[in-house]
Trainee: 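The structure follows.
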Amino acid sequence: MSRQLVQKMWEQHVFDSVLLEEDMSEYHVPFDRITGKTQTEARLRDAVAKFERVSLTGVPGCGKTSVARYSLEPAPARIAPIWVPVAYKDEGVTTSPKAFAQYLVDVISADAAAAQRIPKKDREAILAHATSDINLPTVARRNAGGLKLMRWLIEADVARDVTRTIEGGKLPRSEQEIFGLADGVLGAIRAYNLNPVLVMDDTDRFVGRGNPDRVIPAFFGEVLRAVVERLHAGIVVAAHPLYLERKDYRRLSSGLIEQHIRIPKIPHLDGLAAILTARVRFASTRRTANDAFAEGALEELFDIYSGLNEKSIRAVLATAHAALARAQEALAPAISADHVKAGADDALLT
Ligand SMILES: Nc1ncnc2c1ncn2[C@@H]1O[C@H](COP(=O)(O)OP(=O)(O)OP(=O)(O)O)[C@@H](O)[C@H]1O
Ligand SMILES: [Mg+2]
């Protein structure tokens with residue numbers, strides 16, 4: 001325990017859960033390691049490698065995006081993950097196959113353009129890491145900008161060929177033409193012996209926004225069916241546990257989604273400590289959560305997590321962040337159980 005560690009953690013915002021998504025995989029502690037099973041990250045990688053269509057189900061903040069990013073970045077061999085954010089697009093994209101296909105083309109087109117704008121020097125720095133399992137250094141990642149580590153896209157001439165495919169033909173107008181173009185783009189990627197996987201990891205957010213009774217059946221019905229039938233790509237989608245209680249979701253998704261992966265709860269204190277340690281390390285590589293938290297504080301935090309209706313890691317991190325603010329304000333040598341209790345109030349958890 002040391003005053004210095006608390007100070008440093010505070011300066012680095014180590015528990016801040018609103019960090020860049022691109023950084024998530026660096027903090028990720030695999031649920032497979034926490035639970036001692038191979039039901040989460042290993043299963044996702046496995047399914048994606050087999051080109052299967054997968055759902056990731058869990059409450060908001062439980063770690064779906066973190067699992068997807070960790071498992072797919074760096075991408076497993078010959079897999080080309082394409083991140084397709086849909087939740088905050090207008091309803092057309094999530095309810096109309098044609099609008100979705102057009103949006104998909106736009107997303108890949110923008111990524112390909114960004115890939116071609118990366119200066120040669122940075123491109124080489126990024127590719128130098130392509131064969132290893134380590135994550136990119138921060139600078140290279142920043143340079144990759146909006147690319148979100150789509151390293152496969154800066155390999156060889158994939159991006160150029162994608163752009164050519166999009167710009168080469170006549171402007172598609174009908175639904176059939178747009179799907180033709182979208183699959184042509186995926187074909188340009190497959191020509192490099194890469195398997196495209198569409199990652200829509202925010203499709204759990206239809207709950208509580210807009211018109212879920214319209215969007216959920218439309219997306220997991222018509223849109224997904226059209227994608228499955230007309231596009232050659234693997235699929236990863238996120239699902240809210242409430243979807244599983246819906247007859248329409250179960251019926252519509254049953255033939256379309258081949259693997260259902262549920263994000264597990266953190267089963268024990270050690271699991272939570274490991275997640276916090278991964279972040280403490282950003283302040284000091286030799287310290288762990290046990291150095292940062294005083295006697296009883298981690299137990300308090302785990303109790304709060306266990307008491308949550310929705311087991312959200314985001315909520316636990318928000319509490320830890322607020323507790324750290326308290327400890328810093330008090331110039332304390334570590335985060336105490338009382339800081340955690342007060343932090344939970346600050347984070348509006350109790
Ligand atoms: N296994 C883990 N190891 C380390 N950090 C994790 C882990 N799981 C989740 N987190 C952290 O918890 C926070 C919430 O995770 P994430 O954003 O992945 O949740 P989500 O299920 O995608 O939520 P939403 O449904 O709102 O998109 C993030 O800050 C993430 O870094
Ligand atoms: Mg998410």
Side-chain angles (χ1 to χ4, degrees), residues 9 12-45 54-73 81 83-89 94 135 148-149 199-209 212 215-216 219 236-244 260-282 288-289 292 298 301-302 304-305 308-322 324 347 349:
M9 290 198 304
Q12 305 269 325
H13 287 263
V14 293
F15 299 134
D16 197 341
S17 67
V18 260
L19 290 160
L20 273 182
E21 252 193 37
E22 284 79 353
D23 290 334
M24 258 185 185
S25 59
E26 290 191 25
Y27 300 92
H28 186 77
V29 180
F31 287 104
D32 287 349
R33 194 187 307 154
I34 292 175
T35 59
K37 296 179 184 144
T38 51
Q39 292 295 309
T40 313
E41 291 85 0
R43 231 180 115 197
L44 177 59
R45 275 173 174 267
V54 194
S55 69
L56 288 177
T57 306
V59 295
C62 74
K64 295 178 296 293
T65 301
S66 199
V67 163
R69 290 206 164 263
Y70 174 86
S71 309
L72 302 176
E73 287 172 0
W83 298 83
V84 192
V86 296
Y88 296 103
K89 301 308 293 177
T94 42
N135 282 302
K148 302 189 177 151
L149 282 186
V199 186
M200 293 167 272
D201 95 316
D202 57 357
T203 46
D204 57 312
R205 308 231 179 114
F206 301 151
V207 163
R209 305 189 61 249
V215 176
I216 293 170
F219 180 80
V236 177
V237 288
H240 195 289
L242 286 175
Y243 293 5
L244 300 174
H260 298 267
I261 298 178
R262 270 200 98 127
I263 307 293
K265 294 193 283 237
I266 308 173
H268 41 57
L269 183 62
D270 286 352
L272 178 62
I275 288 174
L276 295 168
T277 291
R279 283 157 191 270
V280 171
R281 291 242 150 105
F282 269 72
T288 67
L298 282 174
L301 198 54
F302 187 66
I304 290 171
Y305 171 78
L308 293 175
N309 263 338
E310 297 196 334
K311 303 283 183 277
S312 160
I313 297 180
R314 185 179 296 129
V316 175
L317 287 170
T319 301
H321 183 64
L324 173 59
L349 280 191

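Throughout, numbering of the chain's residues begins at 1 and tracks the sequence. Both counts, for ligands and for their atoms, begin at 1 and track the order of listing.
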Trainee: Could you report the tightest heavy-atom contact between Leu308 and Ala315, atom names first, then the distance?
Mentor: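 Heavy atoms only, the tightest pair is CD1-CB, 4.1 Å.
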Trainee: Indicate the atoms forming the closest heavy-atom contact of Ala274 with Val29, along with that distance.
Mentor: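 Minimum heavy-atom separation between Ala274 and Val29: O-CG2, 3.5 Å.
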Trainee: Only heavy atoms count here, so choose which of Thr65, Ile275, Asp16 is nearest to atom 5 (N) of ligand 1.
Mentor: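 Residue with the shortest heavy-atom distance to the ligand atom: Ile275.
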Trainee: State the atoms of ligand 1, each with its element, that fall below the 4.0 Å cut-off from a heavy-atom position in His28.
Mentor: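 Result: 1 (N), 2 (C), 3 (N), 4 (C), 7 (C).
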Trainee: May I ask you to list the atoms of ligand 1 that are less than 4.0 angstrom from any heavy atom of Leu317?
Mentor: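 Within the 4.0 Å cut-off of Leu317, ligand 1 contributes 11 (C), 12 (O), 29 (O).
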Trainee: So do Glu41 and Ser71 actually touch side chain to side chain, heavy atoms under 4.5 Å?
Mentor: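 With C-beta onward as the side chain, the pair touches.
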Trainee: Keeping Ser312 on the side-chain end and Arg314 on the backbone end, is there a donor-acceptor pair under 3.5 Å?
Mentor: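 Side chain of Ser312 to backbone of Arg314, a donor-acceptor pair under 3.5 Å: yes, one is there.
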Trainee: Closer than 4.0 Å to some heavy atom of Val29 - which atoms of ligand 1 meet that?
Mentor: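 The list of qualifying atoms is 1 (N), 2 (C), 3 (N), 4 (C).
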Trainee: Between the side chain of His268 and the main-chain N/O of Ile34, is any donor-acceptor distance below 3.5 Å?
Mentor: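 Checked: pair present.
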Trainee: Consider every N or O of Asp201 and every N or O of ligand 1, then say whether any pair is closer than 3.5 Å.
Mentor: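 Checking ligand 1 against Asp201, no N or O pair falls under 3.5 Å apart.
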Trainee: Could you tell me whether the side chain of Tyr305 and the main chain of Ile266 form a donor-acceptor pair under 3.5 Å?
Mentor: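 Yes: the side chain of Tyr305 pairs with the backbone of Ile266.
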Trainee: For ligand 1, which atoms, with element, lie under 4.0 Å from some heavy atom of Val59?
Mentor: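 Per the distance check, 21 (O).
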Trainee: Could you check whether any side-chain heavy atom of Ile304 comes within less than 4.5 Å of a side-chain heavy atom of Val316, counting everything from C-beta outward?
Mentor: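 The answer is no; the side chains never approach within 4.5 Å.
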Trainee: What do you reckon, does Asp204 put a non-hydrogen atom under 4.0 Å from ligand 1?
Mentor: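 It does, in that a heavy atom of Asp204 comes within the 4.0 Å cut-off of ligand 1.
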Trainee: For the backbone of Ser25 and the side chain of Arg69, can you confirm whether one donor and one acceptor N or O come within less than 3.5 Å of each other?
Mentor: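 Not at all, since once roles are kept as given, no pair shorter than 3.5 Å links the two residues.
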Trainee: For ligand 1, find out whether one of its N or O atoms is nearer than 3.5 Å to an N or O atom of Met24.
Mentor: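 No.
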Trainee: What do you reckon, does Ala278 put a non-hydrogen atom under 4.0 Å from ligand 1?
Mentor: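 It does not; every heavy atom stays at 4.0 Å or beyond.
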Trainee: Within ligand 1, which atoms have a heavy atom of Arg279 less than 4.0 Å away?
Mentor: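 Taking each heavy atom of Arg279 in turn, ligand 1 has 5 (N), 11 (C), 29 (O), 30 (C), 31 (O) under 4.0 Å.
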Trainee: Is the contact between Tyr27 and ligand 1 made by the side chain, the backbone, both, or neither, using heavy atoms and a 4.0 Å cut-off?
Mentor: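 Only the backbone of Tyr27 comes within reach of ligand 1.
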Trainee: Given Arg205, Lys64, Arg314, identify the one with the heavy atom nearest to atom 27 (O) of ligand 1.
Mentor: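 Heavy atom nearest to atom 27 (O) of ligand 1 belongs to Arg205.
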Trainee: When you compare the side chain of Arg262 with that of Pro241, does any pair of heavy atoms fall below 4.5 Å?
Mentor: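 Yes; the side chains approach each other to less than 4.5 Å.
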Trainee: If you measure every N or O of Gly63 against every N or O of ligand 1, does any of those distances drop under 3.5 Å?
Mentor: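 So ligand 1 has an N or O lying under 3.5 Å from an N or O of Gly63.
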Trainee: Determine, using heavy atoms of Gly58 and all atoms of ligand 1, whether some pair is separated by less than 4.0 Å.
Mentor: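 It does not; every heavy atom stays at 4.0 Å or beyond.
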Trainee: Within the stated cut-off of 2.8 Å, is an N/O/S atom of Ser66 closer than that to the Mg ion (ligand 2)?
Mentor: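 Short answer: no, not a single N, O or S atom is under the cut-off.
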Trainee: The criterion is side-chain contact (heavy atoms from CB on, under 4.5 Å); which residues satisfy it with Pro212, sequence neighbours excluded?
Mentor: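 Listed in chain order: Ile216.
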